Amino acid sequence: MKILDGKVCADSLVADIAKKVTEYADSGLRKPHMTVILVGEHPPSESYVKAKIVSCENADFESSLIRFPEVIKERELLARIEEINNDPTTDGLIVQLPLPRHINQQSVINAISPEKDIDGFHPANFGRMTLGQKAFRPATAYGICKLLQFYNIPIKGKHCVVIGRSNIVGKPISIMLSNDFDIGNATVTLTHIETPRKLLLDETRRADIIIVAVGIPGFVTPDMVKKGVVLIDVGINRLESGKLVGDVAFDEVAQKCSWITPVPGGVGRMTVAALMINTLMAYQNNFNLA
Ligand code: NAD
């Protein structure tokens with residue numbers, strides 16, 4: 001069993017991005033700039049946002065964090081997004097999810113300019129990605145692809161099973177891996193909460209690659225996988241003890257895997273790295289750089 005180390009891969013990608021930023025700065029351009037909006041106080045969101053700001057420092061990007069209280073009205077938030085959409089000094093904008101219940105998440109996602117939508121959640125980017133066109137790809141799914149590529153894991157022609165169909169992970173990764181992309185051309189089965197247990201097991205037991213994003217600690221057990229499987233664990237679950245675990249019963253399942261991601265230090269790191277790639281792309285688009 002070998003570890004798909006998200007930290008090693010993310011550090012390497014961010015170092016390459018930092019080199020590019022130096023080249024652009026040497027030719028007189030400003031630095032890429034990511035803006036993050038954080039609403040309310042939600043400890044996991046605080047740590048995700050912090051990771052993004054630290055990654056911006058490592059890539060030599062500018063970053064801005066805009067905080068709003070939990071009680072902010074939806075129209076006030078939308079107005080601020082509109083201002084940032086029109087601000088030529090910001091390349092990429094993230095509104096950290098989840099948002100308070102009184103704010104319609106989809107309205108907020110739809111309000112972000114598709115040109116600044118580095119999370120890749122806007123329908124325009126999701127649609128283009130689905131059609132195989134150039135787009136900001138949803139960051140966690142894109143990060144998983146970059147991790148598989150970094151470790152030269154064969155994907156073309158492989159049987160891949162995705163567990164979970166969220167708009168931010170399961171759905172986009174199933175589309176991306178089945179598309180005719182550089183990192184793609186797999187045969188993908190997308191499973192979800194309504195997938196009968198027997199069908200789920202039939203699929204996972206013959207999968208070459210499993211990607212699990214359900215948010216249930218220990219969901220994937222050794223009897224669900226074949227020997228040699230590549231296992232990507234997207235889950236981030238905090239146990240009562242405070243320990244952070246994924247969706248895989250890691251100690252038992254890892255022995256059967258050829259490759260597996262750890263939690264923490266796996267997909268989470270890659271999500272941030274993918275945001276950096278997307279921000280650089282937004283910046284390059286702004287300045288008509290290759
Ligand atoms: P979600 O929480 O929105 O939905 C869970 C999904 O799991 C649903 O699609 C549901 O159909 C499926 N599911 C639930 N029970 C199931 C079952 N018994 N069989 C099959 N499918 C089942 O999904 P999400 O937002 O993708 O989050 C999933 C996990 O991934 C969470 O732990 C979340 O914290 C984590 N996450 C991690 C990252 C990262 O960067 N590492 C990014 C996003 C989400």
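Computed from heavy atoms alone, side chains included, the values below leave out hydrogens, waters and symmetry copies. For this chain, numbers begin at 1 and follow the sequence in order. For ligands, and for the atoms within them, numbers begin at 1 and follow the listed sequence. As the structure is a computational prediction, the values presented were derived from the model and not from experiment.
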Engineer: Strictly by side-chain hydrogen bond (donor to acceptor under 3.5 Å, both in side chains), give each pair with a member in residues 242-268 just once, sequence neighbours left out.
Structural biologist: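 Applying side-chain hydrogen bond (donor to acceptor under 3.5 Å, both in side chains) to every pair that reaches into residues 242-268, excluding sequence neighbours, yields N237-D247.
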
Engineer: Is there any side-chain hydrogen bond (donor to acceptor under 3.5 Å, both in side chains) pair reaching into residues 9-18, and which pairs are they, with sequence neighbours excluded?
Structural biologist: K7-D11

Engineer: D119 side chain to I94 main-chain N or O, any donor-acceptor pair under 3.5 Å?
Structural biologist: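 Flag not set: sc D119 to bb I94 has no pair under 3.5 Å.
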
Engineer: One thing to verify: whether R269 and D5 come together as a salt bridge, which I'm taking to mean a side-chain N less than 4.0 angstrom from a carboxylate O.
Structural biologist: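 No.
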
Engineer: Which pairs with one or both residues in residues 274-288 pass side-chain hydrogen bond (donor to acceptor under 3.5 Å, both in side chains), sequence neighbours excluded?
Structural biologist: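 Qualifying pairs: Y24-Q284, D91-N286, K134-N285.
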
Engineer: Under a 4.0 Å heavy-atom cut-off, what residues line ligand 1?
Structural biologist: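 Lining ligand 1: T140, I163, G164, R165, S166, I168, V169, H192, I193, A213, V214, G215, I216, F219, V234, G235, I236, N237, V267, G268, T271.
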
Engineer: Apply the side-chain contact (heavy atoms from CB on, under 4.5 Å) test between I144 and each candidate in I183, V267, I209; give the one that qualifies.
Structural biologist: V267

